[in-house]
Every structure is written in C-alpha cells, then in structure tokens.
Amino acid sequence: METLSYKTISANKATVKKEWVVVDATDLSLGRLCSEIAKILRGKNKPNFTPHVDCGDNVIVINADKVVLTGLKWTDREYLTFSGYPGGQKSFSPERLKQKGVDRLFRKVVKGMLPKNKLGDKLINNLYVYGGSEHKHAAQQPKLVELKTI
C-alpha cells in the first residue's frame, strides 16, 4: 500500500471554486432557513471543506419579506445591543428590525451562526438579501437551490 497516495488535500484561496446560489425564502422558517444558508456560506456542503478558508458559495436570498416566524416571535423575541457605555443597552424585536430593512434581520441571524473571527466577517459579505423576487445578479448565472424540504 502506497501511503503517499492518501494525502489529505487542503483547499486554499486559489483552488476554491465559488458558485452563486439563489434561495427562495417564501413560507420558510427563519431559523431553519438561515442555518442552511450559513452552511452554504461556510462551504460545509462541499467535499473539499477546509475550516480556515472561505470555500463557500455566494448566496442570494429572494422573497425575504415572506419569511415565517412561528408563535409570537415577531413581537416577543428580543435582540440586544450594548454600546459599552452605562445605560447603553438597547433591545429590539424582529418585527422592528424587518421594518428597518429585511436584509438586516437575515444578516443578524446568519451572522450569529458563522465563526466569530475575521473569516466570519468575510463570509457575511457573501450574502445578498432582497425583499422581492428580483435580484441584480443575473450576470453571475446563479442556480436555484430548493430548501422546501427542511
């Protein structure tokens, strides 16, 4: 048995093939959808996944305004921010975050599922969120991914 033929191949920036993916968020649960988006952004669905390299795809989310939260989560769930100053803690609901921009809600949820380091900061820039069914990335020829089964 030749041991040299069984080397582990680690992906790097030059060998990674990034693709463009479209995800339709119509009538999907926010958390379940965002966990799948985080996997695609990170590249965990690819056989050449390397933890320290950006080997994930670029994700385009359409119909983000039609995402679903069950129960009273639109109003009762609270996200917190803290400025670092005394009395600088603010809380806001997903409903209020969606009113400011539907992309802010998706970015908040997906960013919490990515690594908390420089790689996570780069990966969140590969996410593009649109409220309607139109997007401006037709030139990249994205492929549609069905996530209705989750």
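This structure is a prediction, so every number in the text was calculated from the model and none was measured. Just so it is clear, the values below take in all heavy atoms, side chains as well, and ignore hydrogens, waters and symmetry mates.
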Shortest non-hydrogen separation from [X] to [Y] and the atoms involved:
{"X": "Val67", "Y": "Ser29", "value": "CG2-C, 4.3 Å"}
{"X": "Asn48", "Y": "Cys55", "value": "O-SG, 4.3 Å"}
{"X": "Ala11", "Y": "Val53", "value": "O-CG2, 3.4 Å"}
{"X": "Thr50", "Y": "Ser10", "value": "CG2-OG, 3.4 Å"}

Give, for atom [atom1] of [X] and atom [atom2] of [Y], the distance between the pair rounded to the nearest 0.5 Å.
{"X": "Leu97", "Y": "Arg77", "atom1": "CG", "atom2": "CZ", "answer": "12.0 Å"}
{"X": "Leu114", "Y": "Leu119", "atom1": "CG", "atom2": "CG", "answer": "8.5 Å"}
{"X": "Asn58", "Y": "Asn126", "atom1": "CG", "atom2": "CG", "answer": "4.5 Å"}

Can Trp74 be reached from Leu33 by stepping across I, L, V, M, F, W or Y side chains whose heavy atoms are under 4.5 Å apart?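 Yes, same cluster.
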Are Ile60 and Val129 connected in a single hydrophobic cluster, I mean Ile/Leu/Val/Met/Phe/Trp/Tyr linked by side-chain heavy atoms less than 4.5 Å apart? no
Taking the side chain as every heavy atom from C-beta outward, state whether [X] and [Y] have any atom pair closer than 4.5 Å.
{"X": "Arg42", "Y": "Phe49", "answer": "yes"}
{"X": "Leu30", "Y": "Val68", "answer": "no"}
{"X": "Tyr79", "Y": "Val109", "answer": "yes"}
{"X": "Leu41", "Y": "Val110", "answer": "yes"}
{"X": "Cys34", "Y": "Met113", "answer": "yes"}
{"X": "Lys90", "Y": "Ser83", "answer": "no"}
{"X": "Ile124", "Y": "Leu127", "answer": "yes"}
{"X": "Tyr130", "Y": "Asp103", "answer": "no"}

Does [X], at its [atom1] atom, have more than 12 non-hydrogen atoms belonging to other residues, nucleotides or ligands within less than 6.0 Å?
{"X": "Ile9", "atom1": "CD1", "value": "no"}
{"X": "Phe82", "atom1": "CZ", "value": "yes"}
{"X": "Lys116", "atom1": "NZ", "value": "yes"}

Between the side chains of Glu36 and Lys39, is the shortest nitrogen-to-carboxylate-oxygen separation below 4.0 Å, so that they form an ion pair? yes
Would you be so kind as to tabulate the donor-acceptor pairs closer than 3.5 Å made by side chains of residues 19-28, with sequence neighbours excluded?
{"from": "Glu19", "atom 1": "OE1", "to": "Lys143", "atom 2": "NZ", "distance (Å)": "3.2"}
{"from": "Asp24", "atom 1": "OD1", "to": "Thr26", "atom 2": "N", "distance (Å)": "3.4"}
{"from": "Asp24", "atom 1": "OD1", "to": "Thr26", "atom 2": "OG1", "distance (Å)": "2.9"}
{"from": "Asp24", "atom 1": "OD1", "to": "Asn63", "atom 2": "ND2", "distance (Å)": "2.8"}
{"from": "Thr26", "atom 1": "OG1", "to": "Asn63", "atom 2": "ND2", "distance (Å)": "3.3"}

Test Ile62 against Glu134 for side-chain contact (heavy atoms from CB on, under 4.5 Å), laying out the working first. CA-CA 7 Å; Ile62 57 173; Glu134 299 295 321; over 6 Å; no
Might you work through the side-chain contact (heavy atoms from CB on, under 4.5 Å) test for Asp121 and Lys111, ending with a clear yes or no? CA-CA 8 Å; Asp121 294 340; Lys111 188 168 178 144; 3.6 Å; yes
Per the salt bridge (charged side-chain N to carboxylate O under 4.0 Å, His left out) rule, what does the pair list look like for residues 43-65, sequence neighbours excluded?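 Qualifying pairs, neighbours excluded: Lys18-Asp54, Lys46-Asp57.
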His137 ring center near Tyr128 ring center (under 6.0 Å): yes
